[in-house]
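Report on one structure; see the data block that follows.
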Amino acid sequence: MSDKEDLESMCKRRGFVWQSAEIYGGGSGFYDYGHLGTKLKENWKKAWKDFFLGLDENYHLLDTTNILPYKALEASGHVDHFSDILIKCERCGSSYRGDHLIEDETGESAEWMDLEEIKSKLGELKLQCPNCGGDFMDPENFNMMFKLEIGPTGDNIGFLRPETAQGIYLNFNREYRALRKRMPMGLATIGRAYRNEISPRQGLFRQREFEQAELQIFFVPSAHKKFFKEKYDNEKKIYMRVKRPGWEETKEIDVTEMENLPEFFLYHLMKIYQFYRDIMEIKEENIRLRELSDEEKAFYNKIHFDLEIYFDTLGGWKEVDGLHYRSDYDLKKHQERSGQKMSIPTDDGRKVPHVVELSFGVDRNIWALLDKGYKTDDRNWFDLPPKLAPYTGAVFPLVRKDGLPEKSREIFEDLNEHFDMFWDKSGSIGKRYARQDEIGTPYCMTVDYDTLEENTITVREIRSGEQIRVEVKDLKKVLKNLLEGKKTFEEYMKED
RNA sequence: GCGGCUGUGGUCUAGUUGGCUAAGACUCAAGCUUCCCAAGCUUGCAUCCCGGGUUCAAAUCCCGGCAGCCGCACCA
């Protein structure tokens with residue numbers, strides 16, 4: 001079995017994630033999370049919110065609809081541009097992107113062309129199928145958005161949103177007023193987005209329905225330069241692994257070596273890097289920031305870095321998060337189409353804020369944790385940051401007699417009011433450790449005869465397999481210290 | 001979407017020139033045992049992707065669908 005199949009099998013067996021509607025054969029690009037996967041995902045989202053909303057008191061969380069009206073997505077450009085023009089060969093059935101065919105022939109970008117322009121250009125160039133030399137059928141527009149009919153008449157058209165960002169832009173004005181005419185510096189949302197991929201593969205990595213965690217930062221470059229410069233200057237001591245266009249290799253560089261980029265961008269770039277290094281505890285050798293070249297990035301993005309992780313299960317570097325400087329494109333577009341003012345007053349007159357967007361694929365991040373954490377060395381275990389693990393701890397009786405199960409149950413119930421805990425008495429003690437190892441439970445506590453006599457209990461750590469003995473009355477404090485990183489397990493071992 | 005390969009208990013697999021009650025390992029559950037890392041014993045649950053066809057008889061052959069893998073294409 002490949003790494004990917006091995007991991008997918010564990011995910012199904014233990015209750016993390018699997019294909020949606022699988023009793024009917026499933027659907028390509030749709031996945032459901034089981035009880036453990038859901039806990040893991042909830043913990044990730046909490047960690048994300050704590051970290052990014054904690055960056056500034058003026059960063060806020062919103063919750064916006066999955067369905068958006070036609071006009072909103074027309075204004076954002078998605079109705080016209082979030083699509084491919086597909087051309088099919090009438091002989092062999094191969095399909096191609098119209099703009100790519102034209103680009104290959106002419107060497108010039110054809111991405112801007114609409115259906116009619118592509119059609120006439122194709123006729124002009126007299127192109128034929130690169131695969132078999134056959135003639136092409138008429139080009140068709142394939143929009144990647146899921147189209148919906150709203151209400152009973154069928155003529156009110158909407159879409160499932162292709163990105164959560166639009167929900168934020170649409171609410172900018174309202175939030176501005178609700179915050180008593182103070183510009184929301186950051187508006188975040190975690191929610192579903194939908195893209196009708198032609199042929200999704202790679203499991204959780206490319207789905208048709210997926211979850212995004214996005215933080216949109218609003219600012220007026222002239223008015224807020226100082227604000228971000230201060231934030232950046234306070235923290236600019238950091239080395240990051242970066243790959244920029246034209247560089248052969250990923251290099252470890254000091255953030256100050258990129259000071260040709262603006263502070264608002266560098267500040268968030270550092271924060272993103274720290275999130276993966278410190279919160280998700282991904283080894284730095286598996287993280288890099290990659291800047292996209294002009295050809296790769298969308299036309300409205302002025303600066304675009306992706307955070308990439310090396311996935312063993314997918315055989316390469318893959319994007320899990322992007323940082324995009326979208327300029328004032330989004331708010332300007334909505335201002336134009338809606339007729340609503342999206343500008344804020346500054347010393348320099350009214351200005352439409354610019355946006356820098358932090359866009360995380362939640363499911364991709366979950367897969368990153370699974371990919372990087374799942375180990376099959378001398379045991380099968382899942383190495384997770386303790387705070388993200390589905391269960392924080394488990395409590396067992398060493399044997400099933402002499403009152404040990406009852407005592408362990410008592411301790412479990414007490415701890416379970418404060419942490420996500422698991423209790424198990426079936427099988428042998430080794431089996432119970434093994435079960436928790438596989439789902440990444442960081443701490444296992446075993447009630448033995450000494451517990452009955454002295455009220456102490458063993459705490460075993462997943463990574464080392466080592467144990468410490470602590471007083472039952474101190475358990476909560478010890479777990480809390482371990483979770484919050486106030487004290488390491490090694491430090492407790494030395495004291496022991 | 002195209003081409004090739006594939007789909008068997010919860011998981012992984014055997015069985016596929018049509019033919020006996022579809023087999024094994026692990027898992028899981030109940031119990032026994034067990035003084036710390038998947039031990040052992042007993043008992044038990046559960047399967048041929050879906051639909052149609054051929055046939056006395058289909059997990060096996062044929063058709064359609066769905067899904068997965070590989071390659072192509074695609075991934076604003």
Side-chain angles (χ1 to χ4, degrees), chain A residues 1-2 4-6 8-15 18-30 34 73 76-89 91-101 111-112 129-132 140 142-145 162-163 165 193 195-203 205-208 296-301 304 315 318-319 322 324 361 378-381 396-402 404 425-438 444-452 457-462 464-467 469:
Chain A
M1 254 197 305
S2 73
K4 180 157 174 278
E5 287 166 339
D6 206 33
E8 280 170 344
S9 158
M10 186 283 280
C11 285
K12 283 195 272 189
R13 199 155 27 84
R14 293 299 192 188
W18 48 80
Q19 203 157 28
S20 163
E22 64 172 349
I23 63 168
Y24 290 108
S28 235
F30 298 100
L73 289 160
S76 69
H78 286 88
V79 170
D80 291 332
H81 295 295
F82 197 69
S83 61
D84 293 327
I85 291 162
L86 286 185
I87 300 175
K88 258 186 158 178
C89 169
R91 192 195 297 174
C92 71
S94 301
S95 58
Y96 303 90
R97 270 183 58 173
D99 54 336
H100 285 184
L101 281 176
E111 212 186 324
W112 54 273
C129 176
N131 184 41
C132 73
E140 296 169 52
F142 177 74
N143 193 294
M144 305 253 299
M145 291 193 292
E163 58 175 14
R195 296 178 188 182
N196 197 4
E197 300 282 355
I198 295 172
S199 145
R201 281 189 200 172
Q202 301 192 303
F205 211 80
R206 233 175 107 213
Q207 297 179 76
R208 287 181 167 129
E296 288 175 292
K297 68 193 185 199
F299 65 93
Y300 50 77
N301 280 337
H304 182 153
K318 300 281 179 185
E319 172 198 357
H324 319 129
D378 52 329
R379 54 195 170 126
N380 287 354
W381 66 293
F396 314 133
L398 183 58
V399 293
R400 290 167 63 178
K401 59 185 180 190
D402 302 328
L404 266 50
K425 68 173 169 63
S426 84
S428 64
I429 188 70
K431 184 82 165 186
R432 291 176 221 143
Y433 286 140
R435 287 191 189 115
Q436 297 307 311
D437 277 349
E438 196 168 26
C444 289
M445 282 142 279
T446 299
V447 167
D448 56 21
Y449 288 95
D450 290 344
T451 312
L452 300 181
I457 189 167
T458 59
V459 179
R460 168 196 181 264
E461 183 211 30
I462 190 171
S464 59
E466 299 284 350
Q467 288 184 335
R469 180 166 278 275

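Residue numbering restarts at 1 for every chain, and letters A, B, ... go by the order of the sequence lines. Both backbone and side-chain heavy atoms feed into the values below; hydrogens, waters and symmetry mates do not.
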Does B:G31 have a Watson-Crick or wobble mate here (both distances under 3.5 Å), and if so which one? B:C41
Within this structure, what is the NE2-to-C1' distance between A:H78 and B:A76, rounded to whole angstrom? 7 Å
Heavy atoms under 4.0 Å, any strand shown: does A:S28 hit a base, just sugar-phosphate, or nothing? sugar-phosphate
Within the 3.5 Å criterion, strictly below it, is a donor on A:D448 or A:T451 matched to an acceptor on the partner's side chain? yes
Under the 3.5 Å rule, do the base of B:C36 and the side chain of A:R460 count as making a donor-acceptor pair? no
Output all residues satisfying side-chain hydrogen bond (donor to acceptor under 3.5 Å, both in side chains) with A:R460, sequence neighbours left out; order by chain, then residue number. A:D437
Complementary nucleotide of B:U55, counting Watson-Crick and G-U pairs under 3.5 Å: none
Measuring only the P atom in each nucleotide, how far is B:U17 from B:U33? A whole number of Å is fine. 50 Å
Just to confirm, is there a sub-4.0 Å distance from OP1 or OP2 of B:C69 to any side-chain nitrogen or oxygen of A:K4? yes
Give the nucleotide from the list B:A38, B:G1, B:C35 with an atom nearest to the side chain of A:R201. B:G1
Given the C1' atoms of B:C32 and B:A39, what is the spacing between them in whole Å? 14 Å
Between B:C49 and B:C66, how far apart are the C1' atoms? Round to whole Å, please. 8 Å
I'd like to know if A:Q467 reaches the base of B:C36 with its side chain such that a donor and an acceptor end up less than 3.5 angstrom apart. yes
Rounded off to whole Å, could you give me the CD-to-C1' distance for the A:E8 and B:A67 pair? 12 Å
Given atom CZ of A:R206 and atom P of B:C69, what is their separation to the nearest angstrom? 12 Å
The side chain to side chain contact (heavy atoms under 4.5 Å, CB included) partners of A:A298 (sequence neighbours excluded) come to A:Y300, A:N301
Taken in chain and number order and not counting sequence neighbours, the residues that satisfy side chain to side chain contact (heavy atoms under 4.5 Å, CB included) with A:D80 are none
To the nearest Å, how far apart are A:E197 CD and B:A76 P? 8 Å
Minimum heavy-atom separation for A:I457 to A:M445, with atom names? CD1-CB, 3.8 Å
Between A:E22 and A:S428, the residue closer to the 5' end of RNA chain B by nearest nucleotide is A:E22
Between B:C36 and A:T458, counting only base atoms on the nucleotide and side-chain atoms on the residue, is there a donor-acceptor pair under 3.5 Å? yes
Can you check salt bridge (charged side-chain N to carboxylate O under 4.0 Å, His left out) on A:K12 and A:E22, steps first, answer last? CA-CA 11 Å; A:K12 283 195 272 189; A:E22 64 172 349; 5.4 Å; no
Using the side-chain contact (heavy atoms from CB on, under 4.5 Å) rule, take A:Y449 and A:L404 through it: C-alpha gap first, then chi angles, then the decisive distance, then the call. CA-CA 7 Å; A:Y449 288 95; A:L404 266 50; 4.2 Å; yes
Across all strands shown, which nucleotide pairs with B:A25 by Watson-Crick or G-U wobble geometry, both distances under 3.5 Å? B:U11
Across all chains, not counting sequence neighbours, the side chain to side chain contact (heavy atoms under 4.5 Å, CB included) partners of A:S83 are A:N141, A:N143
For A:E461, all residues meeting side chain to side chain contact (heavy atoms under 4.5 Å, CB included), sequence neighbours excluded: A:Y443, A:R463, A:S464, A:F489, A:E490
Distance below 4.0 Å between A:Q19 side-chain N/O and B:G68 OP1 or OP2: yes
Taking any heavy-atom pair under 4.0 Å as a contact, classify A:G26: base, sugar-phosphate, or nothing. sugar-phosphate
Using the C1' atom in both, what is the distance from B:A25 to B:G65, to the nearest Å? 33 Å
When every nucleotide of nucleotides 26-31 of chain B is labelled 5' to 3' by its protein contacts under 4.0 Å (heavy atoms), B for base, S for sugar-phosphate only, - for none, what sequence of letters results? -SSS-S
What integer number of Å spans the P atoms of B:A57 and B:U42? 42 Å
Please give, in whole Å, the distance from B:A38 P to A:Y433 OH? 11 Å
Just the rounded figure in Å: distance from P of B:A38 to CG of A:D437. 10 Å
Gap in Å between the two P atoms, one belonging to B:G51 and one to B:C70, rounded: 28 Å
Does a side-chain N or O of A:K401 approach OP1 or OP2 of B:U34 to a distance below 4.0 Å, or not? yes
Nearest-Å distance once atom P is located in both B:C45 and B:C37: 33 Å
Distance, P atom - from B:C20 to B:C63, rounded to whole angstrom: 25 Å
Is the phosphate of B:G1, meaning OP1 or OP2, less than 4.0 Å from a side-chain N or O of A:S199? no
Name the residue closer to the 5' end of RNA chain B, choosing between A:K12 and A:G29 according to the nucleotide with the nearest heavy atom. A:K12
Looking only at side-chain atoms of A:Y449, point me to the closest of B:C35, B:U34, B:U11. B:C35
Hey, is the side chain of A:Y24 pairing donor to acceptor with the base of B:C66 inside 3.5 Å? no
Of B:U34, B:G3, B:A38, the nucleotide closest to the side chain of A:N380 is B:A38
Rounded to whole Å, CG of A:D378 lies from C1' of B:A38 at a distance of 12 Å
Determine which nucleotide pairs with B:U16, using a 3.5 Å limit on both distances of a Watson-Crick or G-U wobble pair. none
Can you measure A:H304 atom NE2 to B:A76 atom C1' for me and round it to whole angstrom units? 11 Å
Distance-only donor-acceptor test, A:D448 side-chain atoms vs B:C36 base atoms, 3.5 Å: yes
Do A:R206 side-chain atoms and A:P200 backbone N/O form a donor-acceptor pair below 3.5 Å? no
Under a 3.5 Å cut-off for both contacts, is B:C69 paired Watson-Crick or G-U wobble with anything, and if yes, with which nucleotide? B:G4
One pair to check against side-chain contact (heavy atoms from CB on, under 4.5 Å): A:E296 and A:H304. What are the steps and the verdict? CA-CA 9 Å; A:E296 288 175 292; A:H304 182 153; over 6 Å; no
Could you identify the nucleotide paired to B:G64, looking across every strand shown and requiring Watson-Crick or G-U wobble geometry with both distances under 3.5 Å? B:C50
